[in-house]
Structure formats: C-alpha cells, structure tokens
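Protein chains get the first letters and strands the later ones, always in sequence-line order, with residue 1 at the start of each. Since this is a predicted model, take the numbers as computed values, not measurements.
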Amino acid sequence: MFHSIEKQVARAFHAHLLARYGVDLAVAVEQPRQSEFGELAVPVAFQLARQLRQAPKKIAAEIADEIGAIPGVAALEVAGNGYINVRLDRGVYGAAMLRGDADEPEGSGEKIIVEHTNINPNKAAHIGHLRNAVLGDTFVRMLRAGGYRVEVQNYIDNTGVQVADVVVGFYHLEHKTAADVKALIADPAVRFDYVCWDLYARISQYYKDHPESLNWRGEMLHAIESGAGDAAELAHVVADAIVQCHLATMLRLGIEYDVLPRESEILHLRFWAYAFELLKERKAIYFETEGKLKGCWVMPGLSEEGKVIVRSDGTVVYTGKDIAYQLWKFGLLGKDFYYRPWMTYADGRVLWATTDEPVESGQEFGRGWKVYNVIDTRQSYLQDVVVAGLRALGYQEQADRSTHFNYEMVALSPRCCAELGIPLSEEDRKRPYVEVSGRKGLGVKADDLIDSLIAKALEEVASRNADLPEEQNRRIATQIAIGALRYFLLKFTRNTVIAFDLQEALAFVGETGPYVQYTAVRASKVLRKLEERGEAMPDFARELSPEAMARQLASEDFWQILLAASKADSALAAALAAGEPSHVARYAFQLAQAFSNFYEKYPIIHEENREKKVFLLWMTDYFRRQLERTAGILGIPVPEYM
RNA sequence: GGGCGCGUAGCUCAGUCGGAUAGAGCAUCAGCCUUCUAAGCUGAGGGUCGCAGGUUCGAUUCCUGCCGCGCCUACCA
C-alpha cells in the first residue's frame with residue numbers, strides 16, 4: 001500500500017517540476033527518520049537549488065504552495081533547510097487498506113533465470129553452500145513476489161576435478177568398484193555424502209603427500225570424459241547419489257529447483273565444441289604459439305596474461321564450459337538439451353534434469369531474458385571472463401543482462417573451530433576467521449547444523465508444550481530450525497563475510513527467525529482465542545467506516561504501527577532494486593518488533609469499546625497477513641504454535 | 001605488484017541518491033508474567049563512524065593519500 005503512495009508522490013513531483021521549472025528530475029522520496037516529520041520527505045529543493053540559484057527553503061515553499069492536491073496526501077510542509085515533508089490522509093489510507101488495495105506488481109513477462117546452489121557433487125553440503133542456496137532461493141522468492149517469471153537452475157558439475165578426486169579415492173584408496181559403491185549408497189545406515197566428505201579430504205591429503213599420484217586424477221578425468229568403463233560409471237553413480245543428497249538437504253530448507261543442467265550433457269551434446277568454434281570464428285580467443293601459455297587457447301584482455309580457456313593438452317577449463325552454458329541460458333547457442341524427470345516435489349511439480357538421450361519431454365528451459373548467477377565473490381574474475389566471452393562474441397545486450405549475484409564467503413570464527421574440535425595453526429588462531437575448505441574437510445556440514453538446530457528447538461518447544469505429542473512438536477521444531485537458519489544467513493548483507501559462530505546461529509532470541517515466527521504465532525493466536533471464546537470475527541469492511549478508521553488512526557501509536565505494516569511492498573521493491581535479500585529480512589524483523597510493541601501495549605480481545613476492539617482486531621489480522629507474506633518471501637515458515 | 005572488498009558501541013552487524021538528533025541485536029545494569037504465550041516488553045549506560053586531507057550550504061556516505069585486515073590475481077573450480 002505504502003509503495004503506491006510513494007510512487008504517486010514521486011510522479012506528482014516529477015510532473016510538477018517538469019511543468020513549472022522545465023526540469024526532468026529523478027525525484028527521490030525518502031522516509032524521514034523522525035515520525036514527527038510526516039510519512040515521506042522529498043529533498044528535491046536541494047537538488048534544484050544549484051540549478052535555480054535560489055535557497056532550498058524558498059524553492060521548497062514555492063513547490064509546496066503550487067503543486068496542488070495529491071491524492072491520499074493531507075498536507076505538505078516545508079521543514080529544516082528545505083525539506084518538503086508529506087503527511088498522508090490517515091482515514092483515506094486506512095480505508096484503502098481495509099478495501100485491500102494492492103500495489104500493482106512491477107514484474108515484466110520476460111523470463112529471468114537464476115542459477116544457484118551449484119555444489120560440486122562430491123561431498124556433503126556445508127554452510128558456505130547453504131548461504132548460496134538460501135540467498136538464491138530468497139532472491140527467487142522476491143522476484144516471484146514482485147511479479148517476475150523465474151526459472152531456477154542448479155548446475156551440476158558432474159564431470160569435474162572434484163568428482164574425479166573422490167572417484168580416485170574410491171578406486172585407489174578404498175579399492176572399490178562401481179558395484180561396491182552402489183551397495184554403499186543403498187545402505188540406509190550410511191550417509192553417503194558424509195563418507196565422501198571424509199574421502200575427499202583423505203585423497204586431497206594423499207595427493208599432497210604423494211604428488212606423483214596426481215596422474216590418477218588426469219587418468220580419471222579422461223575416463224570420465226570418454227564416458228565408458230567402470231570408472232566412468234562409478235563417477236556417474238557417485239555424482240548422482242550426491243546430487244540426491246544435496247537436493248534432500250536443500251528441500252529441508254524449502255529450496256526447490258526447476259532444472260538441473262549437467263556438465264556431462266554440455267560435453268556429450270557438444271555444447272562446448274560448438275561454443276569453441278564460435279569463439280575461434282569470431283576471434284574471441286587466440287592460439288598461443290610461444291611463452292608460458294604455448295599451446296593454449298587464450299582469451300585476452302582481462303588479466304595481463306589472458307585467461308586460458310583450452311589447456312595445452314586440449315581439455316577445456318570450467319570457465320570455457322561456463323561460456324557455452326551462459327550462451328545456452330540466453331538461447332544463443334543454437335543447440336539444446338533433452339530432459340528427463342529427476343524427481344517430483346510434494347506439490348506435484350517435477351524437477352527436470354538434462355540428458356543426452358533424444359527424448360521428447362515437452363519441456364523448454366533456458367532462453368532467458370536476464371540471467372543471475374549466484375556465485376561467491378571469489379569467483380568474480382571467472383564470471384567476468386564469461387561475460388567478456390559474450391561480449392567478444394558480439395552479444396552486448398546479453399552481456400549487460402548477465403549479473404554475477406555475488407556474495408562473500410562463510411568462514412569460521414576461531415572460537416567456533418575450537419568448539420567444533422578443529423585444530424588450528426598458531427597463525428590461523430590470530431586471524432579474524434578461517435576459510436572453510438572442502439579439500440581439508442574443514443567446515444560445518446549443512447545437515448549437522450540443521451540437526452543441531454532442530455534438537456535445540458525441540459527442547460524449547462517440548463518444555464513449553466509438554467502435553468502435545470512429540471511428533472507434532474518435532475514438526476514445529478523443524479520449522480523453527482528452518483526459520484533460525486534462513487534468517488541467520490539472510491540478515492547479513494551480501495558483501496559481509498560471515499564469520500560463522502555456532503552460538504549466534506543457534507540463537508532464538510533477538511534479531512532472529514524464531515523471533516519473527518513467534519510474533520506471527522502470537523498474532524494468529526489472538527484471533528484464534530477470539531473464536532475459542534465464542535466470538536465471531538467482525539466483518540471489518542462493514543463495521544469500520546472511513547470515519548471510524550480516521551478516528552482510530554488519529555492515535556499516533558496506531559498510525560505508526562499500521563504504517564510500518566503497510567510498507568511490505570515498499571521494502572520488497574527496495575530490496576529488489578538493491579538485489580539485497582537482507583533488506584527483506586530486516587524489514588521482517590522491524591515488522592515483528594512493531595507488532596510485539598502493539599501486542600504488549602494493547603489488550604485486544606479484552607478491549608471494551610466495540611469500535612476500538614474491531615479496529616484492534618483488524619490491525620492484528622492485517623499484521624498477521626503482512627508478517628506471513630514477508631516471512632514467506634524469506635522462505636521462513638510460520639508454525640501453528642511455539 | 002595489480003584488481004576487488006572491508007574498517008561504525010565491549011561483540012556481531014545495519015545505515016536508502018550526500019541531508020534533519022548515527023541505529024539494531026547480543027552482552028551489562030534496573031524493571032515488567034492472577035489479564036491475548038516472558039522465544040516477549042520497558043528503561044539505562046555504551047560512538048573521535050580507522051587516520052589525514054579535499055569537494056560543498058551540508059560528508060559515516062563522494063574523491064585522494066596513508067594505516068590495518070580479507071579475497072582474487074592457476075593450463076583448480
């Protein structure tokens with residue numbers, strides 16, 4: 001609701017400035033810090049002061065005097081050195097909310113592709129991967145809430161070095177065949193992704209101790225690429241099983257995908273070969289004939305030496321395949337995958353995976369208008385190479401619409417390492433944080449963290465609801481765990497390194513997901529209590545006249561609280577514009593704070609005055625809806641009770 | 001060396017396009033449960049916005065330099 005007014009005010013000012021001063025200005029509308037200054041502030045007089053060579057205060061007065069009536073606005077006031085403060089008509093505003101006036105969604109019909117998660121399928125997911133997936137998933141939810149059409153892709157690098165290493169581990173360290181590993185996967189007592197986690201650390205250490213054994217890796221990569229033999233089969237078995245683990249882990253947090261594009265198909269369907277020809281043809285890469293990079297195909301420009309795309313042994317680096325993939329995402333490759341169903345989600349939606357077998361699936365993916373790649377900021381250079389590749393091929397517009405949705409890494413605080421029993425060098429102990437490393441097996445596994453959160457939440461839930469069945473309490477505890485974890489990962493801005501701290505992640509008080517959930521639970525509990533007392537929910541539209549609304553909203557307290565609740569769309573729009581899910585998280589917390597205040601201060605169902613009681617109930621219901629909607633955008637479920 | 005990012009309360013972090021008295025959570029201290037769930041609420045203390053210049057009506061915000069920290073700078077991803 002608030003967002004509509006914001007836009008309306010901005011439009012009115014823009015039109016007036018154009019007509020009166022002939023100035024085409026992008027009008028900024030901000031929210032004053034102090035509520036006494038009104039609901040909106042327009043600092044446009046400051047911008048004009050320079051051009052018109054007049055005092056801001058004088059210009060502001062002139063504008064406020066001449067602009068005329070703006071729908072929904074009660075008054076304009078000049079304050080400070082030249083602010084124009086806007087006071088809304090509370091009755092009109094309240095009545096519009098009662099009618100359920102919604103802001104028109106901004107989204108266009110163009111398809112937006114968001115790629116996230118992208119975990120190497122060779123070990124269990126850790127907190128770093130969770131940040132990626134939760135950020136990506138939340139951004140997707142934001143876009144969809146904003147009316148955009150989104151396709152979610154989770155790229156599976158099932159033929160890369162990391163998978164090869166684990167397969168080498170199974171082969172040379174464990175002496176296991178594909179059949180042995182299949183049996184291991186089928187064993188319900190074995191957490192296969194955990195087994196691989198340890199094995200990956202072991203083989204990495206083994207390479208370090210026995211550098212000559214590194215040729216195993218090369219051999220394995222070739223075997224996988226050829227696609228035949230026991231080794232290739234083992235690689236597929238391992239990667240598929242780990243993907244299954246990752247999908248299960250993500251599903252625990254409510255994260256789903258539309259399609260899994262796999263690297264094996266990029267190879268087998270010759271996407272890369274095709275892109276390679278394109279790159280050569282359009283002179284985006286050149287063959288180096290001398291020096292250090294002799295025999296490589298190199299993309300010049302981004303760094304001093306250029307970026308190797310094809311190694312001297314003829315194999316392509318990941319970034320090369322990524323260029324082919326990015327071209328496909330925009331529908332520029334002229335080739336396409338085939339698709340087969342991978343699994344079905346609870347709501348019946350099918351997750352598709354690519355295949356190289358020509359089958360008619362009736363599915364179409366890719367051909368996006370805009371592409372977001374959710375990838376951590378350490379890979380900025382590689383992402384720049386991909387975009388430079390598009391540019392070099394002449395796809396300027398698509399390059400401009402390629403966004404590296406970057407974020408900082410999750411590291412471990414030294415204290416956290418100590419708690420987890422991770423030994424640290426003297427040097428590491430002095431650092432502010434220690435990088436997670438899959439190779440070293442250094443990190444917090446996603447499922448372990450979720451399990452700890454559930455256990456802790458269950459303790460809490462059970463102590464408050466001892467009379468309820470354990471199974472039911474466990475379900476609630478799971479929802480609380482999800483809320484805690486998602487909020488924890490979302491409350492930081494993207495470019496903040498999260499120094500992971502177990503105590504903080506496990507916190508349920510203060511600025512946390514459970515606080516937001518608890519508030520929503522309280523709101524719906526009030527409404528439920530009303531019915532338990534045998535009272536019906538009032539017909540708000542009939543009982544609350546615009547006059548009654550204006551009367552109640554004359555209370556500064558009520559007005560401020562309602563105003564806060566009405567800003568959900570505005571907060572979402574700002575967060576989308578900034579590409580910053582943390583803004584939504586922060587708003588959810590502020591919203592919860594506002595309701596908690598209201599809840600503590602005003603008895604709702606015990607209110608004697610009928611008009612006021614109906615109004616309070618309406619406020620509660622409105623809050624509940626706004627809170628649930630915002631939580632939903634964050635992927636935070638609202639439990640029945642807590 | 002080069003590129004990117006960070007430095008704000010004891011700790012962890014926010015801080016709209018340069019704007020009005022720099023905020024939140026945690027921690028500390030003092031209060032609030034016979035009334036809709038205390039995972040809550042109220043209040044208090046706590047700041048040289050890394051340092052030094054510059055730009056201007058105005059700088060935590062923009063520019064330059066310096067100091068400190070991190071990441072990237074692979075024929076790994």
May I ask you to verify if any side-chain N or O of A/Y518 is less than 4.0 angstrom from the OP1 or OP2 atom of B/A39?
yes
Spacing of A/K307 atom NZ relative to B/U73 atom P, expressed in whole Å
8 Å
Within the 4.0 Å limit for protein heavy atoms, which parts of nucleotides 4-12 of chain B are touched? Write it as a string from 5' to 3', B for base, S for sugar-phosphate only, - for none.
-SS-----S
Name each donor-acceptor pair under 3.5 Å that joins a side chain in residues 481-499 of chain A to protein atoms two or more places apart or in another chain, with its distance.
unit_1	atom_1	unit_2	atom_2	d
A/R486	NE	A/L634	O	2.8
A/R486	NH1	A/D137	OD2	3.0
A/R486	NH1	A/L253	O	2.8
A/R486	NH2	A/D137	OD2	2.7
A/R486	NH2	A/T138	OG1	3.0
A/R486	NH2	A/L634	O	3.2
A/Y487	OH	A/E511	OE2	2.9
A/Y487	OH	A/A585	O	3.1
A/K491	NZ	A/E511	O	3.3
A/T493	OG1	A/N495	OD1	3.4
A/T493	OG1	A/T496	OG1	3.0
A/R494	NE	A/N406	O	2.8
A/R494	NH1	A/G579	O	2.4
A/R494	NH2	A/N406	O	3.4
A/R494	NH2	A/N406	OD1	3.1

Can you classify the ring geometry of A/W216 versus A/Y206 as parallel (below 30°), tilted (30 to 60°) or perpendicular (above 60°)?
parallel
In this structure, how many angstroms lie between the P atom of B/G70 and the CD atom of A/E435, rounded?
11 Å
For B/U61 and B/A20, measure between their P atoms and round to the nearest Å.
13 Å
Does A/N85 contact B/A20 through a side-chain donor or acceptor facing the base, at a distance under 3.5 Å?
yes
Please report the distance separating the P of B/C49 from the corresponding atom of B/U60, rounded so that it comes out in whole Å.
7 Å
Return the set of residues passing ring-ring contact (aromatic ring centres under 6.0 Å, His included) with A/F46 (not counting sequence neighbours), or none when no residue passes.
A/Y83
Check this for me, if you would: do A/E460 and A/K456 make a salt bridge, where the nitrogen-to-carboxylate-oxygen distance has to be below 4.0 angstrom?
no
Residue A/P32, side-chain atoms from C-beta onward, closest of B/A77, B/U21, B/A20
B/A20
Applying ring-ring contact (aromatic ring centres under 6.0 Å, His included), can you list everything that pairs with A/F287, at least two apart in sequence or on another chain?
A/W297
Please measure how far the P atom in B/A52 lies from the corresponding atom in B/C67, and state the result in whole Å.
15 Å
I'd like to know if the side chain of A/N158 reaches the main chain of A/S264, judged simply by a donor and an acceptor atom lying under 3.5 Å from each other, with no hydrogens or angles considered.
yes
Any side-chain to backbone donor/acceptor pair from A/N465 onto A/L468? Under 3.5 Å, distance only.
no
For B/C63, is chi within 90° of 0 (syn) or not (anti)?
anti
Residues from residues 508-516 of chain A sitting under 4.0 Å of RNA chain B, heavy atoms only?
A/F508, A/V509, A/G510, A/E511, A/Y515
Can you check whether A/V374's main-chain N or O pairs, donor with acceptor, with A/N132's side chain at less than 3.5 Å?
yes
Based on Watson-Crick and G-U pairs with both distances under 3.5 Å, what dot-bracket line describes RNA chain B 5' to 3', crossing pairs as [ ] and inter-strand pairs as |?
(((((((..((((.....[...)))).(((((.......))))).....(((((..]....))))))))))))....
So A/V521, base contact, sugar-phosphate only, or nothing? Heavy-atom distance under 4.0 Å.
base
The criterion is ring-ring contact (aromatic ring centres under 6.0 Å, His included); which residues satisfy it with A/F623, sequence neighbours excluded?
A/F595
Out of B/C75, B/A38, B/C71, minimum distance to the side chain of A/V308 belongs to B/C75
Which atom pairs link the protein and nucleotides 30-35 of chain B when you take only N or O atoms and keep those under 3.5 Å?
unit_1	atom_1	unit_2	atom_2	d
B/U35	O2'	A/H606	NE2	2.9

State which of B/C41, B/C71, B/G15 makes the closest approach to the side chain of A/T493.
B/G15
Please give, in whole Å, the distance from B/A20 C1' to A/L40 CG?
16 Å
Output the residues of residues 585-594 of chain A in contact with RNA chain B, where contact means a heavy atom of the residue under 4.0 Å from an atom of the strand; sort by number or write none.
A/R586, A/F589, A/Q593
Donor on one side chain, acceptor on other, A/Y381 and A/Q383, under 3.5 Å:
no
C1' spacing across the pair B/G46 / B/U8, given as an integer number of angstrom:
14 Å
Considering only B/A14, B/A77, B/U42, which nucleotide approaches the side chain of A/T496 most closely?
B/A14
Interatomic distance, A/Q517 CD vs B/U37 C1' [rounded to whole Å]:
15 Å
Please name the pair of heavy atoms, one in A/N122 and one in A/I242, separated by the smallest distance, quoted to 0.1 Å.
N-CG2, 3.7 Å
Which word best sums up how the rings of A/F598 and A/Y602 line up, parallel for under 30°, tilted for 30 to 60°, or perpendicular for over 60°?
tilted
P atoms of B/C13 and B/A22, separation to the nearest Å:
23 Å
For A/E408, check salt bridge (charged side-chain N to carboxylate O under 4.0 Å, His left out) against everything at least two apart and list the hits.
none
Using a 5.5 Å cut-off between ring centres and planes within 30 degrees, is A/F37 stacked on the base of B/A20?
yes
The nucleotide from B/A77, B/C36, B/C72 with an atom nearest the side chain of A/I604 is B/C36
When rounded to the nearest Å, what value does the distance between C1' atoms of B/C33 and B/G40 take?
10 Å
In whole Å, I'd like the distance from the CZ atom of A/R464 to the P atom of B/A38.
10 Å
Sequence neighbours left out, what pairs pass side-chain hydrogen bond (donor to acceptor under 3.5 Å, both in side chains) with at least one residue falling in residues 518-528 of chain A?
A/R522-A/E600
Answer with base, sugar-phosphate or nothing: what part of the nucleic acid does A/V29 contact at a heavy-atom distance below 4.0 Å?
base
What's the closest nucleotide to the A/R431 side chain, out of B/A39, B/C71, B/C75?
B/C71
Base, sugar-phosphate, or nothing for A/A41, non-hydrogen atoms under 4.0 angstrom?
base
Span that lies between the P atom of B/U42 and that of B/G50, in whole angstrom
30 Å
So A/D157, base contact, sugar-phosphate only, or nothing? Heavy-atom distance under 4.0 Å.
sugar-phosphate
Using the P atom on both, measure B/U28 against B/U73 and round to a whole Å.
43 Å
Quick one: is A/K525 getting a side-chain N or O under 4.0 Å of the B/C36 phosphate, OP1 or OP2?
no
Can you give me every donor-acceptor pair (side chain of residues 529-538 of chain A, partner residue at least two apart or in another chain, under 3.5 Å) with its distance?
unit_1	atom_1	unit_2	atom_2	d
A/R533	NE	A/E535	OE2	3.4
A/E535	OE1	A/K613	NZ	2.8

Which nucleotide in B/C69, B/G40, B/C75 has an atom nearest any side-chain atom of A/P432:
B/C69
Anything under 30° is parallel, anything over 60° is perpendicular, the rest tilted; go ahead and classify A/Y155 against A/Y325.
parallel
Between A/K567 and A/Q590, is there a side-chain donor-acceptor contact under 3.5 Å, judged purely by atom types and distance?
no
